[in-house]
2 protein chains.
Amino acid sequence: MATTEPIPHPIPEPLLELIAKRFRVLAEPMRIRLLDRLREGEATVGELQEALSASQQNVSKHLGILLEAGMVSRSKRGNHAYYAIADASVFALCEQVCGGVRKQLSELEALLGGHAL
Amino acid sequence: MATTEPIPHPIPEPLLELIAKRFRVLAEPMRIRLLDRLREGEATVGELQEALSASQQNVSKHLGILLEAGMVSRSKRGNHAYYAIADASVFALCEQVCGGVRKQLSELEALLGGHAL
DNA sequence: CTAGGTCACAACTCAATCGTGGTGCAGTTG
DNA sequence: CAACTGCACCACGATTGAGTTGTGACCTAG
């Protein structure tokens, strides 16, 4: 989209921490599940709570983290809070990671005798 | 490389944890610095230790984590252990994240008065 | 105004992890 | 062989984050 060559070589410290922080946000299965569910469209806390079989407080907390990271947006309508994907680029990230995971799994399968999953 | 559309919609649990685990590996500034330094080519633990101003044990430990994640490779030659990038796709990830960070920074700058970096 | 439902915040517990110090092992040198 | 160097493993505080419980704020309905 924009400049695809943004990184100076010795990555400066503050940028380094921002990058790590962003990775850390995605380093939790629950948050990935939330994002994955939000892929279908905006949803309320209650809907996400039920879809993921998690507690309301936990869902709210993780949504708060995703919100602060700028990955989702919140719009309060009436008695509900609707969350939606704000930065669709996270899916590109996930797919990249999935590629790496796939590669790893393939190697494992090869070592184990070539059986599929 | 391979299929670029690998993700079924409700991401299955085990895959979910693998993805999160991979993100977690990159969620540490020290490891990103190690990868960034290894971008120049293979290096020994001592070289990395000096380049990053970190303790030998810490460097070795993080390299072990990166090694287990399949992101670097180790080759022992004589009395030294040479580490090198094994999965160059991690840089694509970092650049994607940098894109997101840039966007965030731009928005912040816009809010603060539109000054450039 | 009262009752019920939805969401967010605060405090707590528990597990994982970072960094360090100490130590063992392999390889090199004289 | 003996001493030294380079690296990895183990165990220990100390910090961080996830998940739960409890509670309060806000909106809606009757």
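If you're wondering where the values come from, they're calculated on a predicted model, not measured in any experiment. Lettering follows sequence order; numbering is per chain, from 1.
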Regarding [X], tell me which of base, sugar-phosphate or nothing describes its non-hydrogen contacts under 4.0 Å with the strands shown.
X	value
Lys76(A)	nothing
Arg77(A)	nothing
Ser55(A)	sugar-phosphate

Checklist entry - Do Arg24(B) side-chain atoms and Ala27(A) backbone N/O form a donor-acceptor pair below 3.5 Å? => result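 Checked: pair present.
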
When you measure from the side-chain N and O atoms of [X] to the phosphate of [N], is any distance below 4.0 Å, counting only OP1 and OP2?
X	N	result
Tyr83(A)	dA8(C)	yes
His80(B)	dG27(C)	no
Arg74(B)	dA8(D)	yes

Is there a donor and acceptor pair, one atom on the side chain of [X] and one on the base of [N], closer than 3.5 Å?
X	N	result
Gln56(A)	dA8(C)	yes
Gln57(B)	dG19(C)	no
Asn79(A)	dG5(C)	yes

Checklist entry - More 5' along DNA chain C: Arg24(A) or Thr44(A), using each one's nearest nucleotide? => result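 So the residue in question is Thr44(A).
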
Checklist entry - If you find the nucleotide of DNA chain D closest to Arg31(A) and the one closest to Ala81(B), which residue's nucleotide is nearer the 5' end? => result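 Going by which nucleotide is closer to the 5' end, it is Ala81(B).
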
